[in-house]
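To start, the structure itself, in structure tokens.
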Amino acid sequence: MFVCHCGENIAGKLDVEEVAEFAAGLPNVEFSTDNLFMCSKQGVELLKEAVRRHKLNRTVVASCSVEQHWPTFARAVEEMGLNPHMHEQVNIREWVSWVTNDWDNATEKAKSAVAAGVKMAALKEPIETQKLDVVKKVMVIGAGVAGLRAAMDLAELGIPVVLVEKEPSIGGHMTMLNKTFPTDECPMCTLSPLLNGVANHPDIEILTLSEVSKVEGSVGNFVVEVTTKPRYVHDNCTSCGRCSEVCPVEFPNEWDMGFGMRKAIYKPYPQAIPSTFTRDKKHCIECGLCEIVCPVQAVDFSMKKEKREFNVGAIVVATGYEQYDPVEITAYHYDHPNIITQLELERMLAPTTLTKGKILRPSDGKVPESVVIIQCVGSRNDQVGNAYCTGVCCMYALKNAGIIKEHLPNTDVYICYIDIRAPGLYYEEYYKKAQEKGIIFIRGRPSNIEPDPYEEKLTVFVEDTFTGEPVEIEADMVILSAGMIAPKGFGKLGGKLGLLRAKEGFAKEYHIKMGPMRSSREGVLLAGTIQGPRDITKTVAHAGAAASAAAQILVKGFLEKRLDTAIVDKDLCIKCLACSTVCNPGAIDVDVDGYAFVNDTACKSCGTCAGACPTGAIQIRNFRDAQLKEEVIGLLEYNRLVGAAQ
Amino acid sequence: MSKMKVLVRQLNGCNRCAWHLLALESFDSISLIGHSLLGNNDNNERVDAVILTGFATRKDREMLEGFRDRADLIALFGTCPYTGGIFGLANQRGASVLPVEDLIKVDMNIAGCPPGVGTLIETLTKGTSTLMSPLCSTCNREFQKQYLKEIIHTPSWDDSTTCFNNQGLPCSGVVSAECAQRCIDFNTPCRGCVPNVNDSGPGALGYFTSLAGQMDVDTKATEWTTDMLGDKPDEITKGIPDVVGTFFRYTLAHDFKRAGRLPTTGGLCSDIMTGRLIQEAPQIAATIYGSRGISVALTLIEAYENAIGVEPSEKTREIRSELRKIQATWTKLERKPDSKRFAEIVKALKTFAGNEVLSNVYFSGFKVPLKDVEYTFDAYSIREIDWKAASGYAEDENCKVSITVDDRGIIREWSCELR
Amino acid sequence: MIIAFACENCAQGSANTAGVLRMKYDHRIKIVRVPCAGRVGPRQIIEALNNGADSVAIIGCCFGACHYNDGNLITLRRVKAMKRMFEELGFDPDMVNMYTARAAEGDTIVGDFEDMSAKTDAMLSKEVSNE
Ligand SMILES: Cc1cc2nc3c(=O)[nH]c(=O)nc-3n(C[C@H](O)[C@H](O)[C@H](O)COP(=O)(O)OP(=O)(O)OC[C@H]3O[C@@H](n4cnc5c(N)ncnc54)[C@H](O)[C@@H]3O)c2cc1C
Ligand code: SF4
Ligand code: SF4
Ligand code: SF4
């Protein structure tokens, strides 16, 4: 028994010596002392020396929290040849000295905590760690730039990857952009090498039109079921495009946000990977022309939905983001043809679409004389439930405003903003450059947009918060900088993966500073915007971190698992399976005789099963009913004795 | 081998177990020194074994210590001396029912309400108790691994294959051992008269409420921006209106060490009956009223039937009158207790009521077909019952019962006058 | 005495944070470490009361944010039934309560503790006045 002063932190608030003396009188206590700083080198030496001299087989240190110094002392006893779990930590700092006002009360409380710790120490059981084989393969879900980067990084380390994408082609949002800030490069040019690299990598298997339908197992050994929708075109498609030419059905292309057209058998865009065409069953009228013209008989209407199971050691979730749908903000009349979002503008600006990259008013094709860009649509807005700043919209607004100004120098371009956020290298510089381009900045969030009932014109109402004056701007086009939100279907996938989600809908990171690429579940990593909005630079860095965290689990070939898991006493088990019913990770199976049986790899040691077991047959090592009982008795007994004496 | 000198002492509560122990007379290996039902011929000599039945209270300490000093072996027969038994429920209203073990050291427990004398003999000869199999392992019903969708108060009468707990009806089979009464054979969930584990009440409660882990439960926001469990009624409190009587039916005095603070209703039995679910009442009455249990249970059934306007069928009434005949025989036998004639009573009870605690006897009819009656089951089976708040009265030659049930199905007022 | 079962995630985390912030609370609160609120069942609650605790608090992560998914939600049902049980025994249902906390915010658990000690005081004074 060692009672730590922690300098004045403990000793300044309660009588450390009295506590140590009290401990010396408790049953099973062979040696008890106090020390200035137990965690110091001298303190640890003192503990080791005592273990050696008194042949101690269990140690208790009353000092700070388990999180802080249990590992320190556990390592020390391990070095002395004991199981590290033979050390019991009692927290008399955070839970006693720092939170109790009164010297006597604090001393008494520390004593009862020590009494409980000593009782608990006597009952502690050694815990072994087990080496578990891991499957050296990773599933990456979502093939945006994040998913691609993570897949590539892993494959280059020699770890095979299954890349699952729900759309017919890979690349995600980045492929839809016209230019990328802060260099105004062509995104397809920067992304192509990665796209092609992934597509051709021998260690990467790409599954498009696919979604995860079931997840079982745990870190090191997940079994994931993937459901693939039929493409109705086999892989031998040479991408000649004849089917598309003959297809009589034509309608707006989703990928172009309606600024381009496509057929019912199509490729979203010319460079799309995989290059195989896709038949869209919903719009197809089943005329069969494509089947007839295909020179290699790749079109096949009889293809069926397929389910496949994959065994993987880790999962990287890179399902990206969705653009906020401004329809919700009725004052902005998003349904008006001349009010579009930034993502739509990106498509309009692209040379392959209907306008051939020209900026034209959608309703009548007129060259706009005045364009208003509105910031923070669906971001920084408590009313729609998104208090956060997307952090990217200011930058792409500057980018696109600049591009409009370059194309149409005589057009007035306004940006209505709350603040311009351009932190980091080259970003503020980018802002400065935009200012020089003659863009008109108005600080204020527009209250509403009024469409003119007779003309195509729009009027934007905004209060300029610098002057305090209300301003009305006539506009031919309004562009809404809609924020980034979590993909709408993510709840379901998150549920299957057992991930916690932040209230904003994104996947919750393990720790915002120290583990932004880890999820709440071990073995499931987060890459890119699924963890929160960010630009491509940060997405790529985050994806690399996720890949390396996934590799970390797998490269050794085994995991070390602390076996402080649940354990079933067959003499008591009545095979009722209540434990298995409540076990969320599904760690409890049935053995050949029908008894509950714990799968140590999957068990997370939560103990929910123990509370459900009618007979107490299932217990968590070191948190057994009997151990908790002794601890509680330890805490209460001392006070009862003192109470009786008074 | 010399005969074992045995003294049988009934402490408090019903005396059904003592009736069973009359059978000890007929065992060659035993010499019965004294028996509470046979008058006192005990002269304070040293004995090999004292067998205790009934529950203890603090007042019995001195007497029990006396037994401890005189006997080599103290054996408890029945659940009452072991855990306080069903009478422990009176602790809800401040009584001090205690397990004998809280007062003196005990060597053997033969739990059951009532248990079989055979088990006692076996234990006495072997010197240790034999391991009993869990009740569930002897039950034909099957548990499906799933959370509950509802909590109910009567089983689905035509389902004999789904575990009661699965149906949403708490069954303490999971914490109990195989027993002599086997309520589960009569479409009646186990209430745990033979605990198989040391903390059966908390065990069964934790089990059932975990299975209810997806039912609606009230939560509320706090001023310090967190959430906490709320106090409003929800599916849990509505589903289990009598937690104590359901999960702690036989073990309250053993499992929970604080005397309850509800005011007493003035009598031990009415303290136990008040607060119980009407659906469970016949069996409880049959148990606690001991040698008058048949009469009280039937009268209580009739009182509630009168109150809600249920007419039992002619055949049902016929079988009930058979049961009243058994009651009459037993009452007569009280004047001169006799083990052989009592064995006949028990046999007859099993024929017409399933078991000694009348598990098969219910409102409006019987739960499962009786073995030795000629009629088709339809003629005396349970009819649709509309459980509702009601007050009713009925009487027979042994007792007058009046009962008030509230809208949750809980007995609010109970009186039973024995003649 | 108040026994407070605290889960190793948010509840113990919050108690540590409260300590670091030197927030003060009732010295009668005795924390028992459990991996998850789901570990606590009627056995633990009844044992604490049988051994002299005045009341019991169970503190877990926010509902819906249990680090083990739903351990705290299952315990919610257990505790609700226990509250009902204590009421049936003529005790104050506040003899047991279930709370949540957030690891980064010490004031959340201190709020829980203060509430529990106020409720315990109210309960004890009612008991005294009944006697
Ligand atoms: C208008 C606009 C302009 C922008 N301009 C720039 C810029 O100039 N510079 C810059 O750095 N950043 C810019 N960004 C930000 C940039 O788009 C993102 O940072 C980047 O695309 C994020 O990549 P990601 O891989 O995380 O997500 P995504 O690109 O969204 O990729 C996610 C992928 O996952 C797939 N997926 C989703 N759900 C599932 C599922 N359940 N199963 C399987 N697959 C699924 C999707 O189909 C998609 O392919 C801009 C954003 C917008 C809205
Ligand atoms: S402790 Fe029990 S409930 Fe929790 S994960 Fe392990 S087996 Fe499942
Ligand atoms: S809950 Fe307990 S008794 Fe039931 S199967 Fe699991 S371990 Fe066995
Ligand atoms: S709990 Fe009851 S109904 Fe279910 S298997 Fe066990 S004894 Fe049978």
Side-chain angles (χ1 to χ4, degrees), chain B residues 89 91-94 147-148 151 197-199 201-219 221-248 252 255-263 275 410, chain C residues 10 14 38 40-47 49-52 57-60 62-65 70-102 105 107-112 114-116 126-127 130-131:
Chain B
L89 291 177
N91 285 1
Q92 226 175 333
R93 294 173 183 274
Y147 283 105
L148 303 184
I151 301 178
V197 290
N198 189 35
D199 39 15
L205 178 59
Y207 163 84
F208 190 77
T209 48
S210 299
L211 292 182
Q214 291 185 345
M215 308 218 44
D216 280 350
V217 64
D218 179 47
T219 58
T222 63
E223 279 156 30
W224 54 102
T225 75
T226 60
D227 288 327
M228 70 178 284
L229 176 60
D231 291 313
K232 294 211 190 78
D234 51 29
E235 283 183 9
I236 301 292
T237 56
K238 282 185 208 142
I240 326 176
D242 179 20
V243 177
V244 171
T246 306
F247 297 99
F248 296 80
L252 186 65
D255 291 340
F256 191 63
K257 291 300 181 198
R258 295 193 185 182
R261 289 164 185 271
L262 292 184
I410 292 291
Chain C
C10 285
S14 182
V40 185
R43 284 194 181 89
Q44 282 68 43
I45 298 168
I46 288 186
E47 256 151 25
L49 295 169
N50 279 348
N51 282 294
I58 294 121
I59 306 160
C62 296
F63 301 140
D70 57 6
N72 60 353
L73 298 182
I74 289 173
T75 296
L76 258 185
R77 275 78 180 182
R78 299 177 186 151
V79 176
K80 183 69 182 219
M82 302 226 56
K83 278 172 146 317
R84 170 94 207 110
M85 170 182 172
F86 295 139
E87 223 174 335
E88 287 168 12
L89 285 158
F91 292 97
D92 195 323
D94 281 331
M95 200 140 108
V96 59
N97 268 309
M98 179 146 173
Y99 298 95
T100 57
R102 292 188 293 275
E105 300 165 38
D107 49 344
T108 54
I109 204 165
V110 173
D112 300 341
E114 280 173 354
D115 188 61
M116 195 68 209
K126 224 189 306 170
E127 282 175 19
N130 278 351
E131 266 157 22

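Labels below follow one simple rule: chain letters A, B, ... track the order of the sequence lines, proteins then strands, and each chain is numbered from 1. The shown structure was predicted, so the numbers you read here are calculated from the model rather than taken from an experiment.
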Proximal component of [X], with respect to chain C [non-hydrogen, under 4.5 Å]:
| X | value |
| --- | --- |
| B/Y147 | side chain |
| B/T222 | neither |
| B/E223 | neither |
| B/F247 | neither |
| B/D231 | both |

Considering residues at least two apart in sequence or located in another chain, which fulfil the side-chain contact (heavy atoms from CB on, under 4.5 Å) criterion with C/D94?
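Checked C/D94 against side-chain contact (heavy atoms from CB on, under 4.5 Å); matches are C/K83, C/D92, C/N97, C/K119.
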Provide the full list of salt bridge (Lys or Arg N to Asp or Glu O under 4.0 Å) pairs with a residue in residues 208-217 of chain B, sequence neighbours left out, each pair given once.
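Residue pairs passing salt bridge (Lys or Arg N to Asp or Glu O under 4.0 Å), neighbours aside: none found.
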Can a donor-acceptor pair be found, under 3.5 Å and without considering hydrogens, that links the side chain of [X] to the backbone of [Y]?
| X | Y | answer |
| --- | --- | --- |
| B/D218 | B/D234 | no |
| B/T246 | B/D242 | yes |
| C/R77 | B/I236 | no |
| B/E235 | B/M215 | no |
| C/T108 | C/R102 | yes |
| B/R93 | B/G260 | no |

Under a 4.5 Å cutoff for heavy-atom pairs, which residue among C/K80, C/R43, C/E114 has the most contacts with chain B?
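When all of C/K80, C/R43, C/E114 are compared, C/K80 has the most.
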Name the option with the most non-hydrogen atom pairs under 4.5 Å to chain B; the candidates are C/P93, C/G38, C/C62, C/G90.
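It is C/G90.
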Identify which part of [X] has an atom lying under 4.5 Å from any heavy atom of chain B, answering side chain, backbone, both or neither.
| X | result |
| --- | --- |
| C/I46 | side chain |
| C/D70 | side chain |
| C/I45 | neither |

Name the option with the most non-hydrogen atom pairs under 4.5 Å to chain C; the candidates are B/L211, B/T219, B/L252.
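When all of B/L211, B/T219, B/L252 are compared, B/T219 has the most.
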Between B/I240, B/L229, B/L262, the one whose heavy-atom pairs under 4.5 Å with chain C are most numerous:
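Highest number of pairs under 4.5 Å: B/L229.
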